[in-house]
Amino acid sequence: MRHRKILPAGWLGWGDMMSKQPFNSSEMMTIAASRALTSEDVCFVGIGAPSAACNVARLTHAPDITLIYESGTIGTAPDVLPLSIGDGELCDTALTTVSVPEMFRYWLQGGHITIGFLGAAQVDRFGNINTTVIGDYHKPKVRLPGGGGAPEIASCCGKIYITMAQSKRGMVDKIDFFTSFGHGEGGDHRQRLGIETKGPSLLITDLAIWHPDPETKEFVVTALHPGVTRDMVQDTCGWKVRFSDVVEETPPPTELELTTLRELKERTAAAHEERGR
Amino acid sequence: MAQFMPLPDAIHDNLKDGDKAAFEGFTHLIPTAAAHEAIRQGISDLILIRMTTDLIYDQMIGMGLARKLVFSYAGNPGVGLLRRVRDAVENGWPRPLELEEHSHAALASAYEAGAAGLPFAVFRGYRGAGLAKVNPAIRSVTCPFTDEVLAAVPALRPDVTFIHAQKADRKGNVLIEGIVGIQKEAVLAARRAVVTVEEVVEEFSGLHPNACVLPHWTITAISVVPGGAHPSYAHNYYKRDNAAYIEWDEIAADRKRFRAWMDEHVINATPEDFAGRVAGLG
């Protein structure tokens, strides 16, 4: 097993910024996901892990990113992470708030959103996502919340990023239900269905960074987070994992990234404990 | 013409057994007080419509009010699953529940079509999505100009829509501010519309010319219920009670605990109790 460590130019100078604090795999996942975003992106934000990553990006290297939540809030800049996609914090800090039909019809379907950032209960190697049922649709073992905006987010955003913690239950050979279509059976399946957007383009887990193979569209591991082995990735994944020819090591969190994430989580926890009588 | 009346009367006059009823509010301004009054009055056999089916439908379905649910998301937002909806779907408790499941884009478009007086909604959606295979109400149309095949769903025309809003004026015009969601479309699509409000003012003043106002002649009945959206929130009045959403996950996990909670907080409560529930959420 061989991990290549690619050191970017100026790495030694950057080394001073790297966090000397220990970090956990969930923090590494959120921070790795945040690095995929830029100030130019217009990003449709899923709740949970995607929301944390998008806001860490906004508070660190991508201050001008446009974050959009499906409740209609455009260009929002929450000080604490919302529990739901419609918390008041999102509206208070948004550039503008539009109605839900306008959000889905003009902004999403109209092709104005560059990235959809989704979480998943189940994902397969082609980035197809299930958040609807475990088991048969008509006689489900577990009835999950369902897709919400995801079916059209997956087909209308310029590309899709997915973030989730790895587990054999979550990363499966076959998903039970196609809540949102990724690359289907792979290859040009999207184009054959008349979907013109790029689809799943990045998968960030708590262990690794994955990109789709340009031809087959199967997710391939392109980087391992610090301290992660190939066996750890395979042991928590339900399909036979492919690794790219060159597997890099994800740079560990910087002091700024880690502090930003932790302060965001602390503010969020304090805010969510406030309650009525 | 909007008539002001106490909430029990507004529910009694406008919600009948078997109705297609929408209780809308996209995480904000959820008409909880109206839902609780419907539970107290024991209305049954409802076809419930709602995009973000959350706590109020978990409660109504757990109390056996509904025979069918038309929805696009059935979760406790940010927390997890809806355990009473799950129990109805997976185990038929307290009664079986028929599901008609859509995506948000579909239901938003379907309400819009209803408000626009059209028979169906057309949109670019459901491509590759499993719902199109399990829901016979999801069909397609071919564009007569480009030959593009697009998704089609029937328009939503509720018998009655319930919403909560910040305020009404004395004439019964209703102002909605903040995340306005799907409420305007849901009201205009419905045969009857019932609104609960935080307060009534003599007249609106200083409104932005583009404010979301529903004229009094689009509304059937208005009831003043301060705090009536709790545990969701009313922009500029009180914050979302996130702790209550987190707590609901435990309450709803157990049938007995659920029924005990419903007895205490709904069956043996009144609309006037809502004001106290938001007192700490200013």
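Convention: sequence-line order gives letters A, B, ...; per-chain numbering from 1. If you're wondering where the values come from, they're calculated on a predicted model, not measured in any experiment.
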So for [X], is it side chain, backbone, both, or neither that comes closer than 4.5 Å to the heavy atoms of chain B?
X       : result
P151(A) : side chain
Q109(A) : both
F178(A) : both
K139(A) : neither
E70(A)  : both
H189(A) : neither

N128(A) side chain vs G182(A) backbone, donor-acceptor pair below 3.5 Å: yes
When heavy-atom pairs shorter than 4.5 Å are enumerated against chain B, which of [options] gives the highest number?
options                   : result
T97(A), V98(A), L90(A)    : T97(A)
G149(A), P82(A), A150(A)  : G149(A)
L108(A), L144(A), D87(A)  : D87(A)
T132(A), I195(A), V100(A) : V100(A)

Run the ring-ring contact (aromatic ring centres under 6.0 Å, His included) check on H183(A) and F219(A) step by step: do they pass? CA-CA 10 Å; H183(A) 293 289; F219(A) 270 125; 7.2 Å; no
Strictly by modelled atom types, are [X] and [Y] linked by a side-chain donor-acceptor pair under 3.5 Å?
X       : Y       : value
R190(A) : S155(A) : no
T93(A)  : T76(A)  : yes
H102(B) : Y126(B) : yes

Among [options], which residue has the highest count of heavy-atom pairs closer than 4.5 Å to chain A?
options                            : value
A108(B), G128(B), G75(B)           : G128(B)
E101(B), H235(B), K133(B), E112(B) : E101(B)
E90(B), M51(B), R124(B)            : E90(B)
V134(B), L81(B), V89(B), T53(B)    : V134(B)
N76(B), I179(B), D54(B)            : I179(B)

Is there a side-chain contact between Y233(B) and H28(B) in this structure, where contact means two heavy atoms from C-beta onward sitting under 4.5 Å apart? yes
When the ring centroid of Y237(B) is compared with that of H164(B), is the distance short of 6.0 Å? no
Is the F274(B) to H36(B) ring centre distance short of 6.0 Å? yes
Side chain, backbone, both or neither of [X] within contact of chain A (heavy atoms, under 4.5 Å):
X       : value
L107(B) : neither
F123(B) : both
L131(B) : both
Y111(B) : neither

Cation-pi check for F258(B) against R83(B): NZ or CZ below 6.0 Å from the six-membered ring centre and within 45 degrees of the axis, yes or no? no
Please report the shortest heavy-atom distance between A137(B) and P154(B), naming the atom on each side. O-CD, 3.3 Å
Per side chain to side chain contact (heavy atoms under 4.5 Å, CB included), K184(B) is matched among I182(B), L188(B), V180(B), V187(B) by L188(B)
Testing T131(A), T179(A), N130(A) for side chain to side chain contact (heavy atoms under 4.5 Å, CB included) with Q122(A), which one passes? N130(A)
